[in-house]
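Here's the structure we're looking at; comments come further down.
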2 protein chains.
Amino acid sequence: MPPFAQQRFALLSEDDALVGIHLTDAPQQAGYRLLEPSEARRNPLIRKLEGFGVLSEADRAILAQISANPRLIGPRIDLIREGDRPEGVFLILDGMACRHKVRQTGARQILAYLLPGDLGDHDVALLDTMDHTISTVSACRVVHVSPEIIAHLTQHHPQVARALRMSTLVDEATLREWLVNVGCRSAVERLAHLFCELLVRLRAVDRTEGDSFDLSVTQGELADATGLSNVHVNRSLQELRRQGLIELKGRRLTILNLPRLKAVGEFRSNYLHLGNRTAA
Amino acid sequence: MPPFAQQRFALLSEDDALVGIHLTDAPQQAGYRLLEPSEARRNPLIRKLEGFGVLSEADRAILAQISANPRLIGPRIDLIREGDRPEGVFLILDGMACRHKVRQTGARQILAYLLPGDLGDHDVALLDTMDHTISTVSACRVVHVSPEIIAHLTQHHPQVARALRMSTLVDEATLREWLVNVGCRSAVERLAHLFCELLVRLRAVDRTEGDSFDLSVTQGELADATGLSNVHVNRSLQELRRQGLIELKGRRLTILNLPRLKAVGEFRSNYLHLGNRTAA
DNA sequence: CGTTGCGTTGAGAGGCTTCAACCTAGGTGG
DNA sequence: CCACCTAGGTTGAAGCCTCTCAACGCAACG
C-alpha cells in the first residue's frame, strides 16, 4: 500500500445515522425526551459545549439527538479528503481522528487531533473544496452532521451556536500553539507539550482516569504531529520515561509527574480557553 | 531593550478614527455617497471581500466608511497583547503586521502575517483573553473596528458577513499551511513557500508590481516566521539568490522565476481559496 | 562621527535524520 | 495449538542540516 493511501469512508450511505431526525418539529414540541443526567454527562459534545456557556434542556436534547446513532469507523479511514467538497461536518464521539496534509515527497504533517466532542468548523461549507484531509486515527464513533442540522442549530439554538463559534476559536488557538510547538521547541519539549494538551482536552470531556488516558497512536503518527522522525520520537519518549515523567505502554499513556511535564513542555492551558473549568 | 518588549498602541484614545460613524442610520438612508470606482479598487478590504462574493453598493460604502480615517502606526508596535481582553478587531489597510507568541526562553514564533485587507476573527470577543500578541511589523495604516460595527455588519450586510467568515476560514487554512511549512519543509523550501504566499496574497489586494513587492521585514523576522535562525535564513536567502529565483534588496523582494520558486516551495495556492480570481 | 540595528561570514558543535537491522507482540492460518 | 506474518517499537552508526557563538561590515541616524 502506498503511504497514506487510505480507505475512504462512504459519506452519505443508505444507513446514514442521522435518518430519523426530524428537525423541523421535534425539538420545538413540548415533550421531547428529558435526558438522564448521566446521559448528558457522558456525551462529549454536550460536555464540551457546556464548558463554553449555559445550555438549556432543549439545547442538550438536540445535541443528544444529533449524537444518537453514530457510525463505528475503523482506524485510518479517510472521512473527507483534500479536494473533496465539504458537506456538513464530522463530530467525533469516541476515539481519535486527525486533520493532515501529505506532501508530494510523502512526508505528512498532522495539523490537529480531533478528540471526543470535537467537530469541524460549522461553516466550512462556505469553501468549495477541502484543503486538507480528515482521517480516523484509532477506531472512532463518528456522526456526520449535515448542513441542515447546522443551520437548525444556528437558527434555533443560539447558545449552541455561540458555543460552536467559541469551539472554533479554540481550535484555531490550538493550531497556533502547534505552530509554536513545531517552530521553536525541541523534540522532548514538543512531546511533553502535546501530552499535556491531550490530557487537558480529554479531561474536559471526561475521557481520562487521573493523569492517564488512552493514546491509540503509533510513534510514527506522533512524529507526523510534531514534525520529527519516528526514530527520534522513539528516543525522545525514552528520555521522558527515563526522567520519570511518563509511562507509555501499548495504547495507554500515564503522566507520572504532570507539573514537571508541563514545565518541560512550557505548557500553559490558556490557549484552550477552558475558563473556570477544572483547571489542569 | 529586552527582546520583543515593544511599545503598546493606545487602544481607544480620544481621537479614535471611528468617531463620527453613525451606524444606526447612515447606511440605510438613501443618498450615501457613491464610491468612485477607483476608490473601491484601492481599498484592500473591499478588494479582498469582493473576492469572496458579490457586494452591493451599500456594502462597499459601509466598508469604505469603516476604512476612513485610519491611524498611522509605526513599526513594531503592539496592537493588542497576549492576556489582553479583545475588543473588536484590527483592520490593516497598509503595511504589514503579525500575530506572534514569545516563549519564556525569548524565542519567538510568528503565527501569521496580516497584510492590507486582513483583519482579525470577527468574533474573537467571545473569548475573554488574547492568547497571542498582534504587532505591526512595518509602519501600518490601521483601523480599530469596534464590536458595534461588527454587529452592524453581521445584521445589515449579510454578504459582508459571509465574506468575513470565508476570510476567517482562509486565515485558518493559511495557519495550517504554515504548520506544514515549519513541520516538514527545509529552510530553502520554507522561504520559497512563504514568498510565493505573500506574492499571491498581496496580488489579491493589488499591492504588487509584477512579481515584485515591498517586504519591509528583517531577516530575523523571517527567521521567527519560519522557525529558523537568522543566520540560516541569511544563508538560505543567498541560496535562493544564487539559484536566480529571487532578488532581495533592502525592503523590496522581486521574484525572478515564479514557476521555479513555486516548485521549490511546493506551493499550491488552493488553501488561499482564491477561486476564480486571477490565479497566481 | 559615534551609535545602533541589521546583514554577512566563519568555525564548531549538536540535534535530528536517514538507513538498516533486529526485536517484540498480536493476529492469522494451517 | 503452534508457526508464521506483519506492523510497529527499538537500537546503532553515520552524516547533514541547522544552530550557536562571535566577529566584522555597512548604512542610517542623531
Side-chain angles (χ1 to χ4, degrees), chain A residues 1-7 74-77 96 103 105-110 137-139 181-192 215-242 246-253 264, chain B residues 1-7 74-77 103 105-109 137-139 181-192 215-242 246-253 264:
Chain A
M1 193 167 85
F4 314 117
Q6 304 182 349
Q7 264 187 281
R76 295 175 211 204
I77 304 289
M96 198 161 171
R103 289 188 61 187
T105 61
R108 183 171 73 140
Q109 179 66 44
I110 292 182
V137 175
S138 65
N181 212 28
V182 172
C184 51
R185 280 198 258 261
S186 72
V188 168
E189 289 168 349
R190 291 181 208 182
L191 289 169
L215 186 66
S216 302
V217 171
T218 67
Q219 294 185 357
E221 282 158 347
L222 289 176
D224 289 343
T226 51
L228 300 165
S229 69
N230 46 9
V231 173
H232 202 58
V233 164
N234 183 285
R235 291 181 171 131
S236 303
L237 288 174
Q238 290 179 45
E239 176 62 21
L240 287 173
R241 280 189 274 242
R242 197 193 59 73
I246 65 164
E247 187 176 80
L248 179 55
K249 279 190 211 156
R251 34 202 57 219
R252 185 128 209 113
L253 177 74
V264 167
Chain B
M1 191 168 86
F4 313 120
Q6 303 181 348
Q7 264 189 282
R76 298 180 207 199
I77 304 288
R103 289 188 61 187
T105 62
R108 183 171 74 142
Q109 180 65 45
V137 176
S138 64
N181 212 27
V182 172
C184 51
R185 279 198 258 260
S186 73
V188 169
E189 290 168 349
R190 291 182 208 182
L191 289 169
L215 185 65
S216 301
V217 171
T218 68
Q219 293 185 0
E221 282 158 347
L222 289 176
D224 289 343
T226 51
L228 299 166
S229 69
N230 45 10
V231 173
H232 202 57
V233 163
N234 183 285
R235 293 184 169 129
S236 302
L237 287 175
Q238 289 179 44
E239 175 62 21
L240 287 173
R241 279 189 275 241
R242 198 193 57 75
I246 64 165
E247 186 176 80
L248 180 56
K249 279 191 209 157
R251 35 202 55 219
R252 184 126 209 117
L253 177 75
V264 167

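Throughout, a chain's letter reflects where its sequence line sits, starting with A, and its residues are numbered from 1. Everything quoted here is computed from the prediction, not taken from an experiment.
- For D:dG8, the OP1/OP2 oxygens have no side-chain nitrogen or oxygen of A:Arg251 closer than 4.0 Å.
- B:Gly227 comes within contact range of the sugar-phosphate backbone alone, with a heavy-atom separation under 4.0 Å but no base atom that close.
- Rounding to whole angstrom units, CD of residue B:Glu189 and C1' of D:dC17 are separated by 12 Å.
- Taking atom CZ of B:Arg190 as the reference point, atom C1' of D:dC17 lies 10 Å away to the nearest angstrom.
- Between B:Leu248 atom CG and C:dT8 atom C1' the separation is 13 Å, expressed in whole Å.
- Residue A:Leu228 has its side chain nearest to C:dC16 when only D:dT10, C:dC16, C:dC19 are considered.
- Across all their heavy atoms, A:Arg190 and A:Thr226 have their closest contact at NH1-O, 2.7 Å.
- When the P atom of D:dT10 is taken as reference, atom CG of A:Leu222 falls 11 Å away, rounded to whole Å.
- Looking only at side-chain heavy atoms (C-beta outward), B:Glu221 and B:Arg76 come within less than 4.5 Å of each other.
- B:Leu237 has its CG atom 9 Å from the P atom of C:dG7, to the nearest Å.
- Rounded to whole Å, the distance from CG on A:Leu215 to P on D:dG8 is 14 Å.
- Counting non-hydrogen atoms under 4.0 angstrom, B:Arg185 reaches nothing in the nucleic acid.
- The local environment of CZ in B:Arg251 is sparse, with at most 12 non-hydrogen atoms from other residues, nucleotides or ligands closer than 6.0 Å.
- One finds no side-chain N or O of A:Gln219 lying less than 4.0 angstrom from the OP1 or OP2 phosphate oxygen of D:dA7.
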Pair A:Ile246, A:Arg241 - check side-chain contact (heavy atoms from CB on, under 4.5 Å), show working. CA-CA 5 Å; A:Ile246 65 164; A:Arg241 280 189 274 242; 4.1 Å; yes
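- Under 3.5 Å, the side chain of B:Arg235 and the base of C:dG10 form at least one donor-acceptor pair of N or O atoms.
- Here A:Asn234 reaches the OP1 or OP2 of D:dT10: one of its side-chain N or O atoms lies under 4.0 Å away.
- B:Ser229 comes within contact range of at least one nucleobase, with a heavy-atom separation under 4.0 Å.
- At whole-Å resolution of the value, CG in A:Asn230 and C1' in D:dT11 are 13 Å apart.
- Put simply, NE2 on B:His232 is 15 Å from C1' on C:dT8, counting in whole angstrom units.
- Across every non-hydrogen atom of A:Met96 and A:Leu215, the tightest pair is CE-CD1, 4.3 Å.
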